[in-house]
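Beneath this line is the structure, given in structure tokens, with notes to follow.
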Amino acid sequence: MNPFTKEKPYRTLNETLRKRFGKKVFKVPLNGDFTCPNRDGTKAWGGCVFCSASGSGDFNAPKTLPLKQQFENVKKGLQKKWPDSYTMPYFQANTNTYKDVSTLRSLFTEAVSLDESVVGLAVATRCDALEDEKVELLAEMNERTPVQVELGLQTIHEETAIKINRAHTLRCFDDAVKRLRKRGIEVVAHIINGLPGENEEMMLQTIDHLNKLDIQGVKIHMLHALKGTELAKMTGRNEVRLLTRKEYVDITVKQIERLRPDIVIHRLTGDAPKNQLIAPKWTLKKFVVLNEIDKLLRKKNTHQGVHYQNKTP
């Protein structure tokens, strides 16, 4: 029996936030002018092979704009569609705990004080930029308003991590999850389907590992080859075979079936600027991809967690 809504056979972020806060909540991406320890030589050089120059913040406002102006610009547009709604400031581009604690406190405090519609804070970062004092700061913020920390994992397989120049280990990720959860902070894991050298079983194994962790959400993305990235060069040299839409849909549906039922699915696809995307072009039709995932779930009469197995670590 499907324990979820008739609309979606999985636990969606939209419905979860509506139940929690009583009405629509939309995230407002903010550019805090962060960089990344995987770009500047602290951990490695150049960043992950798929990451654009903007650090996955291709749709963010210019970093030169004050946070208040960034917030108002996005909120104005989104509230045309959802006039009676709440907001959640979202530090998205690059590694958003990669500054000193004093600067982070100033940025995060300003963000949650932007206006009366704010009901939380989302911070995307890496496990190797979460020193104990930064976790404590996030815990302080969490006492003021709900905090979600988005952690980039992409894959559990270390051989893949080397290929994509992730520059942190699975152990580092798992430890960060434990330390964040010890302080009561929600954790959302990011994974990517179709990474170089990975087959379907490896992608399912990543889901199985996440099921063992105390995470509250997951974002599932496809692999994009964007202009100017190392992945674009690898694709041009035919070193990487990107997934077809059917392959991506089939794998993602199997992941949903394996995913622990209480984990909230924040995303099932990704966005890439049309003028930067080299491949796969089918990803530009975001809603087609989402519809195909939903159609296959309905066709199979299946739902999130139907094949979940409660395996202890």
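Position 1 is the first residue of the sequence, and the numbers go up from there. Basis for what follows: all heavy atoms, side chains included, without hydrogens, waters or symmetry-related copies.
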- Task: State, without any angle test, whether Asp214 and Gln216 hold a side-chain donor-acceptor pair at a distance under 3.5 Å.
- Result: yes

- Item | Asn199, CG atom: more than 12 neighbouring heavy atoms under 6.0 Å | yes

- Query: Can you name the nearest heavy-atom pair linking Val74 to Pro29, along with the distance?
  - Reply: CG1-CD, 4.1 Å

- Task: Before giving the answer on salt bridge (charged side-chain N to carboxylate O under 4.0 Å, His left out), spell out for Asp208 and Arg258 the whole-Å C-alpha distance, their side-chain angles and the decisive distance to 0.1 Å.
- Result: CA-CA 7 Å; Asp208 291 341; Arg258 295 262 281 257; 2.6 Å; yes

- Message: Looking at every heavy atom in both Phe173 and Leu151, which two are closest together, and how far apart are they?
- Response: CE1-CB, 3.5 Å

- Report yes or no: do Ser113 and Arg144 form a side-chain donor-acceptor pair below 3.5 Å? yes

- Query: Which ILVMFWY residues are connected to Val188, directly or by a chain of links, through side-chain heavy atoms under 4.5 Å apart?
  - Reply: none

- Task: Using a strict cut-off of less than 4.0 Å between a Lys/Arg side-chain nitrogen and an Asp/Glu carboxylate oxygen, indicate whether Arg179 and Glu131 qualify as a salt bridge.
- Result: no

- Ion pair present between Glu15 and Lys8, side-chain N to carboxylate O less than 4.0 angstrom? no

- Query: Same cluster or not: are Leu17 and Ile185 linked, directly or through other Ile, Leu, Val, Met, Phe, Trp or Tyr residues, by side-chain heavy atoms under 4.5 angstrom apart?
  - Reply: no

- Item | Intermediate values then yes/no, side-chain hydrogen bond (donor to acceptor under 3.5 Å, both in side chains), Gln276 and Ser52 | CA-CA 9 Å; Gln276 293 187 38; Ser52 65; 4.8 Å; no

- Message: If you count heavy atoms of other groups shown closer than 6.0 angstrom to CZ of Arg171, is the number above 12?
- Response: no

- Task: Output yes when Arg183 and Glu133 qualify as a salt bridge under the 4.0 Å nitrogen-oxygen rule, no when they do not.
- Result: no

- Give the C-alpha distance, both sets of side-chain angles, the deciding distance and a yes or no for salt bridge (charged side-chain N to carboxylate O under 4.0 Å, His left out) between Arg105 and Glu136. CA-CA 11 Å; Arg105 178 175 281 106; Glu136 288 303 311; over 6 Å; no

- Item | Closest non-hydrogen atom pair between Val147 and Leu138, with its separation | CG2-O, 4.0 Å

- State whether a side-chain donor-acceptor pair under 3.5 Å links His168 with Asn38. no

- Lys246 and Asp250 ion-paired at < 4.0 Å: yes

Distance-only donor-acceptor hits, side chain of residues 78-87, under 3.5 Å, sequence neighbours excluded:
residue : atom : partner : partner atom : Å
Asp84   : OD1  : Lys23   : NZ           : 2.8
Ser85   : OG   : Trp82   : O            : 2.7
Thr87   : OG1  : Ser117  : OG           : 2.8

- Over all atoms of both residues, closest heavy-atom pair of Ala111 and Val118: O-CG2, 4.1 Å

- Message: Does the plane of the ring in Tyr248 sit parallel, tilted or perpendicular to the ring in Trp282? Use 30° and 60° as the thresholds.
- Response: tilted

- Message: Can you confirm whether the side chains of Asp294 and Tyr10 place a donor and an acceptor under 3.5 Å from each other?
- Response: yes

- Among pairs that include at least one residue of residues 107-116, which meet salt bridge (Lys or Arg N to Asp or Glu O under 4.0 Å), considering only residues two or more places apart or in two chains? Lys75-Asp115

- Item | Contact summary for Ile215 and Ala189, nearest pair of heavy atoms | CD1-CB, 4.2 Å

- Message: Closer than 4.0 angstrom, basic N to acidic O: yes or no for Glu150 and Lys27?
- Response: yes

- Could you give me the CA-CA distance, side-chain angles and deciding distance for Lys68 and Glu72, then say whether salt bridge (charged side-chain N to carboxylate O under 4.0 Å, His left out) is met? CA-CA 6 Å; Lys68 180 68 172 178; Glu72 292 296 336; 3.3 Å; yes

